[in-house]
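Written out below as structure tokens is the structure these notes cover.
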Amino acid sequence: MLTTMLKAKLHMARVTHAVLNYEGSCAIDGELLDMSGIRDNEQIQIYNVENGQRFTTYAIRAEEGSKVISVNGAAAHLATEGQRVIICSYAQYTEAELDAHEPSLVYLQEGNVVSHTSNAIPVQLA
């Protein structure tokens, strides 16, 4: 049996571009891709914190160090420049892999600058 688990997350990224007339996908600063472990052409889920939209696309590499998060194609209707988004990728793991699994979490502050990284989401308090 395989279990689908969170693989990587870019938390609170700021959309820098929304390009309707583009082939599609989401361009992400190459340094952020590498840090998170999200691969070129990997399926990603994007959760728009500003308007609640949730959608699926795939990641493409933007220039390293550019801080670009560009939502392209039809998805540009769902997230616009300046909005905050959470970008996640998921993977399937065997029962044997689950005990060692840790997601790669990259937390961003204004300007899509990394504030910190982690491998565990904090426990939600009551």
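For residues 83-94, the set of pairs meeting the salt bridge (charged side-chain N to carboxylate O under 4.0 Å, His left out) definition, not counting sequence neighbours, comprises Glu50-Arg84. Listed by first and then second residue, the salt bridge (charged side-chain N to carboxylate O under 4.0 Å, His left out) pairs involving residues 71-81 amount to none (not counting sequence neighbours). Counting only residues at least two apart or in different chains, side chain to side chain donor-acceptor pair (under 3.5 Å) contacts with residues 6-30 comprise Lys7-Glu42, Lys9-His11, Arg14-Glu110.
Among all heavy-atom pairs drawn from Ala18 and Ala79, the shortest one is CB-O, 3.5 Å.
Grouping the Ile, Leu, Val, Met, Phe, Trp and Tyr side chains by contacts below 4.5 angstrom, directly or via other members, places Ile28 apart from Val19. Cluster annotation: Val49 is not connected to Val71 through the hydrophobic network of ILVMFWY side chains, with a link wherever side-chain heavy atoms come within less than 4.5 Å. Under the 4.5 Å side-chain heavy-atom criterion for ILVMFWY residues, no single connected hydrophobic cluster contains both Leu10 and Ile60. A chain of hydrophobic side-chain contacts below 4.5 Å, direct or via other Ile, Leu, Val, Met, Phe, Trp or Tyr residues, connects Leu78 to Ile87. No path of Ile, Leu, Val, Met, Phe, Trp and Tyr side chains, each step under 4.5 Å between heavy atoms, connects Ile86 with Ile38, placing them in separate hydrophobic clusters.
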N/O donor to acceptor pairs below 3.5 angstrom from side-chain atoms of residues 118-126, sequence neighbours left out:
{"residue": "Ser118", "atom": "OG", "partner": "Ala120", "partner atom": "N", "Å": "3.1"}
{"residue": "Ser118", "atom": "OG", "partner": "Ala120", "partner atom": "O", "Å": "3.0"}
{"residue": "Asn119", "atom": "ND2", "partner": "Pro103", "partner atom": "O", "Å": "2.9"}

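Residues Gln43 and Thr56 form a side-chain contact, since some pair of their non-hydrogen atoms from C-beta on lies under 4.5 Å apart. Between Glu31 and Lys67, the closest side-chain pair of non-hydrogen atoms falls below 4.5 Å.
Interatomic distance, Ile46 CD1 to Cys88 SG, rounded to the nearest 0.5 Å: 10.0 Å.
Evaluation of the side chain to side chain donor-acceptor pair (under 3.5 Å) rule for Ser70 yields Asn72 as partners, not counting sequence neighbours. Partners of Tyr90 according to the side chain to side chain donor-acceptor pair (under 3.5 Å) rule, which considers only residues two or more places apart in sequence or in another chain, are Tyr47. Every side-chain contact (heavy atoms from CB on, under 4.5 Å) that Leu98 has, sequence neighbours left out, goes to Thr3, Met5, Tyr93, Glu95. With sequence neighbours left out, Val114 forms a side-chain contact (heavy atoms from CB on, under 4.5 Å) with Leu32, Met35, Val106, Leu108, Thr117. Legend: residues meeting salt bridge (Lys or Arg N to Asp or Glu O under 4.0 Å) with Glu97, ordered by chain and number and at least two apart, are absent. In this view, Asp40 and Leu33, Arg61 satisfy the side-chain contact (heavy atoms from CB on, under 4.5 Å) rule, not counting sequence neighbours. Evaluation of the side-chain contact (heavy atoms from CB on, under 4.5 Å) rule for Asn51 yields Asn48, Gln53, Gln83 as partners, not counting sequence neighbours.
Leu2 belongs to no multi-residue hydrophobic cluster, having no ILVMFWY side-chain contact under 4.5 Å with any other such residue.
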